[in-house]
Number of protein chains: 4
Amino acid sequence: MVKVGIFGATGYTGLELVSILLKHPQAQIQFATSKTHAGRSLRDIVPSAPDLTLIPPQEAPLDSTDLVFLCLPHAAAANTAVIALQANNRVIDLSADFRFQDVAIYEQWYGVTHPAPELLQEAVYGLTEFARHDLSDTRLVANPGCYTTTTLLALQPILAAQLEISGDIIIDAKSGVSGAGKTPKPNTHFVEVANNFSPYSIGRAHRHLPEMEQVITWWRKDPPRLIFSPHLLPVPRGILANIYVPLGSGWHEGQIRELYAATYKNEPFVQILPPGELATLAHVTHTNRCAISLTFAAGTLILTSATDNLLKGAAGQAVQNMNVMFGLEEEIGLL
Amino acid sequence: MVKVGIFGATGYTGLELVSILLKHPQAQIQFATSKTHAGRSLRDIVPSAPDLTLIPPQEAPLDSTDLVFLCLPHAAAANTAVIALQANNRVIDLSADFRFQDVAIYEQWYGVTHPAPELLQEAVYGLTEFARHDLSDTRLVANPGCYTTTTLLALQPILAAQLEISGDIIIDAKSGVSGAGKTPKPNTHFVEVANNFSPYSIGRAHRHLPEMEQVITWWRKDPPRLIFSPHLLPVPRGILANIYVPLGSGWHEGQIRELYAATYKNEPFVQILPPGELATLAHVTHTNRCAISLTFAAGTLILTSATDNLLKGAAGQAVQNMNVMFGLEEEIGLL
Amino acid sequence: MVKVGIFGATGYTGLELVSILLKHPQAQIQFATSKTHAGRSLRDIVPSAPDLTLIPPQEAPLDSTDLVFLCLPHAAAANTAVIALQANNRVIDLSADFRFQDVAIYEQWYGVTHPAPELLQEAVYGLTEFARHDLSDTRLVANPGCYTTTTLLALQPILAAQLEISGDIIIDAKSGVSGAGKTPKPNTHFVEVANNFSPYSIGRAHRHLPEMEQVITWWRKDPPRLIFSPHLLPVPRGILANIYVPLGSGWHEGQIRELYAATYKNEPFVQILPPGELATLAHVTHTNRCAISLTFAAGTLILTSATDNLLKGAAGQAVQNMNVMFGLEEEIGLL
Amino acid sequence: MVKVGIFGATGYTGLELVSILLKHPQAQIQFATSKTHAGRSLRDIVPSAPDLTLIPPQEAPLDSTDLVFLCLPHAAAANTAVIALQANNRVIDLSADFRFQDVAIYEQWYGVTHPAPELLQEAVYGLTEFARHDLSDTRLVANPGCYTTTTLLALQPILAAQLEISGDIIIDAKSGVSGAGKTPKPNTHFVEVANNFSPYSIGRAHRHLPEMEQVITWWRKDPPRLIFSPHLLPVPRGILANIYVPLGSGWHEGQIRELYAATYKNEPFVQILPPGELATLAHVTHTNRCAISLTFAAGTLILTSATDNLLKGAAGQAVQNMNVMFGLEEEIGLL
């Protein structure tokens with residue numbers, strides 16, 4: 001039984017994590033924190049949530065846990081990670097704080113001084129399917145971003161294959177509103193979102209872009225440039241991205257389909273759809289799956305990739321990482 | 001050409017009013033104010049809005065206008081009304097400030113001291129269909145609440161008919177989210193509203209209840225008690241209410257249908273539906289209409305009444321009142 | 001391990017049932033039928049569904065099962081029940097076929113001749129919380145309607161208490177669109193439903209009314225008359241009903257709250273909310289729970305009751321009934 | 001006063017057209033047809049529609065009209081066009097029947113033999129902003145497709161400028177559900193659409209692709225290849241497309257912005273947004289506008305273009321074309 005604590009349990013990611021862990025047969029929640037709602041029950045915040053009393057973060061009993069999940073704003077997460085590691089906890093951080101190996105990129109995109117740059121080399125980037133070996137004995141996991149996970153799982157086979165890519169890769173991605181967080185803002189007001197659809201930070205302006213570009217360098221020297229266009233979709237949850245890969249010479253459809261089939265054939269949470277079936281949000285919402293379809297259009301490979309941003313894109317993958325870290329069955333608690 | 005000003009142009013009601021008045025062939029907007037967005041264009045706030053520069057309320061050129069509309073919070077509205085009246089403007093106030101004849105009821109339900117109680121007797125309650133005579137020469141109109149308008153138009157014929165009502169009248173009402181205002185709050189976050197439906201302030205707890213109960217005393221001595229249950233509906237706009245009237249003896253269906261037909265036969269904005277057709281939001285959204293259907297069920301009359309909360313429930317009725325006040329055709333600018 | 005078959009697996013109720021039973025640790029699906037999709041996988045119909053091959057109903061291997069669930073249109077359900085019982089299966093029927101003790105009422109409201117009236121007396125009406133004793137050894141369960149379950153769980157304590165109710169009980173109920181079934185119809189088209197809200201069959205015209213009126217006679221002689229107004233709500237799932245009970249003399253709030261607390265204190269799936277908290281869809285969607293709040297308003301008790309129409313209102317309650325019938329823990333597979 | 005008739009008034013496009021024309025000060029509806037609803041009022045079909053009696057198409061009084069609009073399925077439209085032209089009507093066809101100059105392309109993509117290929121050379125392709133000269137004296141207008149209008153208005157300046165484009169142009173487009181028509185189908189069921197987002201016919205498989213590719217040849221010899229990915233968006237109306245144009249050498253941002261400003265500076269219905277503001281559906285729904293924003297990302301120009309698919313993408317542009325054909329002010333009836 002893994003004993004876990006959750007920092008920041010009242011955001012959408014934290015709530016999803018609580019919900020998964022409460023049903024997880026080999027995990028036990030020891031505490032859940034909230035700065036603004038300490039002393040209240042989680043049920044007071046979310047009617048369908050369990051009756052779990054929230055404690056202030058500074059009172060977290062770190063001697064009672066093996067592992068803590070951090071669902072905190074950036075910088076706050078790194079500070080808490082330091083404390084948790086000192087108290088001999090393992091840490092899965094769902095913020096961006098440990099996702100970058102180069103502290104300068106982090107500081108440029110997040111606009112803060114990194115509180116614990118010395119931990120960056122140690123942190124394992126937890127895109128589970130490609131990180132199992134490193135996960136098993138690490139103390140610190142950087143859980144990937146939601147857009148990033150959705151994009152990278154689709155791109156890995158084609159990029160790692162090393163054949164020619166003849167131009168920039170375009171990622172046109174759409175996310176449900178829970179991705180914008182729980183704090184009420186003008187752009188998450190129901191009246192503004194319903195009946196609307198809106199791009200934001202398109203081109204090379206969104207924080208998940210440098211995260212993607214870092215990871216693809218691990219798979220391919222001289223990787224293609226990415227163009228990334230996120231959008232706010234009028235649904236509560238789910239991400240769908242179309243990824244346009246301009247294929248150079250030497251490729252053919254059958255070979256690429258085999259590549260994807262081979263890469264993911266034993267993966268419980270990555271589903272390569274048969275030709276003719278396109279990935280949709282309905283394939284993945286309320287699951288930890290990533291569904292990927294391949295469409296070939298005159299020299300361009302269109303990868304359509306879908307996840308639930310709160311599950312495979314956040315809390316689900318975090319638990320998947322926990323399962324690997326503690327030698328549990330990888331699917332446990334996630335089906 | 002009526003020269004008008006709008007105080008508080010950036011809320012949902014204010015925006016709707018601007019939109020109607022810009023197309024109104026006999027009205028001309030002289031100014032629109034905003035405390036928080038002064039100096040900016042309305043287009044910066046709402047992409048589809050016109051390019052109208054917002055001014056601070058204290059700079060409103062009241063010598064350039066015949067009429068001002070107040071889309072302000074309560075108390076602020078009354079204070080502005082005093083200033084506008086002094087500057088020889090007529091005033092249509094969309095807040096609750098002048099809706100109550102008894103200042104004690106206002107102060108009890110709104111929790112503030114009334115800034116200008118001396119104006120209460122002068123103000124005309126602008127439920128247009130029943131206020132035309134008084135509207136034509138008043139300086140000050142209290143525009144009714146949205147739930148109130150929807151309920152009162154449905155209740156007037158049956159209450160005014162003086163036959164027996166044998167118990168409390170139950171009003172089960174549902175409103176789109178624009179009724180909750182534009183300020184982002186936890187309960188208007190898209191993720192909280194989508195896929196949800198929630199009652200609030202049910203029973204005898206909502207501010208529109210005393211407003212309804214005041215008006216029905218004008219139509220009937222010893223009026224029935226009202227039970228009122230509002231709900232938040234996951235749509236941007238529209239109100240639909242079911243109103244359950246327990247009929248005493250002496251009624252029959254044909255007579256009641258004739259009563260409604262007669263009351264509203266020449267009304268452009270009240271539509272009594274034929275037997276078998278029930279009112280829905282689709283009858284009324286984006287129109288200034290109130291659609292009403294009558295269903296008879298074993299001694300209970302069920303009135304189903306629908307309006308667009310931003311139009312007949314607010315800005316539309318305000319312009320309808322303006323048309324009457326200035327001797328224009330009542331439908332102008334509203335079709 | 002209970003071996004089960006599902007007739008009619010591709011409607012919304014059938015799909016929900018498959019989804020629950022696949023995760024149920026003590027049930028095993030032996031077959032799932034579909035008239036129109038036989039030979040295909042359930043995954044072809046619903047992207048997130050499991051890969052389960054559908055068989056034609058006439059090929060169902062009834063010798064391999066202990067229990068069948070019928071998610072079929074009325075009349076078809078009764079015909080299948082006869083066959084399944086003959087093959088020594090127990091039957092949980094989710095249609096209306098066995099809900100009425102009086103065949104005349106069934107035939108009047110459903111417009112068909114009952115195919116197996118001889119089974120009506122034997123069938124147990126499966127409102128689980130009030131049927132456990134009869135469920136344990138019955139062969140045939142009539143699973144209640146969704147509106148009916150939501151209403152009856154809220155009404156039972158007050159009706160069974162035998163104190164005076166002074167008039168008709170009004171039920172103003174709202175259901176998500178899955179309640180209208182999966183066959184595409186003009187009134188379930190996205191464009192017609194989004195931004196809309198519409199009553200239908202209000203008064204004393206909906207088929208769930210006689211079902212409710214039958215059951216309340218078991219709890220109270222000379223029961224009150226019901227007025228029932230269903231609506232289509234622009235959400236996929238969930239029912240919320242306001243139930244207005246006019247209280248006669250002799251009641252007081254504290255006593256009624258105690259009555260509800262006592263009735264449901266050990267019930268895992270009925271949640272009586274504390275004073276001040278109102279039931280919403282968010283309390284219950286994706287759960288097998290019924291959430292009930294009590295509001296007192298000048299002599300009227302307002303019961304607000306919410307369920308997920310596909311779970312406690314259909315498939316969830318069906319599995320709850322199965323659990324009782326087979327002596328399993330009642331909550332198993334449903335948390 | 002232009003006397004008009006509408007064939008096919010009960011689909012989403014026909015209804016929108018009726019709604020515009022009824023308010024148009026210089027047009028008068030002489031008749032509206034419906035094959036399935038003839039004899040009924042439009043109000044019976046759509047609660048908010050006007051009380052207009054529908055006639056069977058074969059009874060259309062073509063001697064009473066100057067112009068007919070065809071909102072009919074393909075092939076049916078061409079057959080009706082022949083009859084209307086013979087009766088000395090001018091024709092605006094909203095189907096695809098007269099959009100292609102090459103009958104073979106039409107027959108390949110639409111799978112029917114063209115009923116009147118002799119009219120193809122005569123028909124004017126009604127992308128109003130680029131067709132005014134030809135519109136003024138034509139008898140027959142092919143109103144462009146919705147995706148096509150949205151894409152072409154954004155592409156025209158950059159393509160017509162003749163500088164180098166260095167690869168395929170990718171169009172990632174999303175449409176509201178009214179674009180899928182009013183006939184209920186599984187993929188337009190509310191439960192399937194809400195909370196979902198789904199691509200369809202992506203790559204080079206959708207019928208609007210050859211339409212776009214035909215038109216761009218008028219603007220540029222040796223035009224780039226297009227990749228086109230349409231999606232179903234969970235909103236009733238609106239289209240938003242991101243169009244990725246890989247710029248060759250010789251371009252710079254300022255020059256391209258000037259090009260767009262110059263092309264559209266006097267256009268009432270095309271709005272080029274200032275740098276930093278991205279087009280959204282909220283810019284355009286319920287208007288006849290196309291809003292376009294330009295984003296520059298490392299050698300790629302991202303054009304974000306939005307329209308209301310029922311207005312500038314169909315009925316609105318049809319009326320705009322009528323206005324030009326009959327020498328009326330182009331904006332009349334459309335503001």
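Quantities reported herein were computed from a predicted structural model and do not represent experimental measurements. Letters A, B, ... are given to chains in the order of the sequence lines, protein chains preceding strands, and every chain is numbered from 1.
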**Prompt:** Is there any ring-ring contact (aromatic ring centres under 6.0 Å, His included) pair reaching into residues 217-239 of chain C, and which pairs are they, with sequence neighbours excluded?
**Reply:**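 Applying ring-ring contact (aromatic ring centres under 6.0 Å, His included) to every pair that reaches into residues 217-239 of chain C, excluding sequence neighbours, yields C:Tyr125-C:Trp218, C:Phe130-C:Trp219, C:Tyr147-C:Phe228, C:Phe197-C:His231, C:His206-C:Phe228.
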
**Prompt:** Where on C:Ala306 is there a heavy atom nearer than 4.5 Å to chain B: the side chain, the backbone, both, or neither?
**Reply:**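 Neither part.
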
**Prompt:** For C:Ile170, is it the side chain, the backbone, both, or neither that has a heavy atom closer than 4.5 Å to a heavy atom of chain B?
**Reply:**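 For C:Ile170, side-chain heavy atoms alone lie under 4.5 Å from chain B.
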
**Request:** Mind running side chain to side chain contact (heavy atoms under 4.5 Å, CB included) on B:Ile202 and C:Thr304 for me, showing each step along the way?
**Result:** CA-CA 10 Å; B:Ile202 71 175; C:Thr304 306; 3.7 Å; yes

**Prompt:** Out of curiosity, B:Asn195 CG to C:Leu233 CG, how far, rounded to the nearest 0.5 Å?
**Reply:**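 One finds 10.0 Å between CG of B:Asn195 and CG of C:Leu233.
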
**Asked** Atom CG of B:Asn242 and atom CD1 of C:Ile227: how far apart are they, to the nearest 0.5 Å?
**Response**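 With rounding to 0.5 Å, CG (B:Asn242) is 11.5 Å from CD1 (C:Ile227).
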
**Request:** Compute whether any side-chain donor of one residue and acceptor of the other, for B:Tyr244 and C:Asp168, lie under 3.5 angstrom apart.
**Result:**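 Note: B:Tyr244 and C:Asp168 side chains miss the donor-acceptor criterion.
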
Tell me the closest heavy-atom pair linking [X] and [Y], and the distance in Å.
X        : Y        : answer
B:Ala282 : C:Asn196 : N-OD1, 3.0 Å
C:Pro199 : B:Leu278 : O-CD1, 3.6 Å
B:Ala298 : C:Arg225 : O-NH2, 3.1 Å
C:Ala297 : B:Gly203 : CB-CA, 3.6 Å

**Prompt:** Based on non-hydrogen pairs under 4.5 Å, which of B:Thr300, B:Val235, B:Leu281, B:Thr280 is most in contact with chain C?
**Reply:**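 So the answer, after comparing B:Thr300, B:Val235, B:Leu281, B:Thr280, is B:Leu281.
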
**Message:** Let's go through B:Ile302 and C:Ser229 carefully: what are the C-alpha distance in whole Å and the side-chain angles of both, what is the deciding distance for side chain to side chain contact (heavy atoms under 4.5 Å, CB included) to 0.1 Å, and is it a yes or a no?
**Reply:** CA-CA 9 Å; B:Ile302 311 176; C:Ser229 300; 4.0 Å; yes

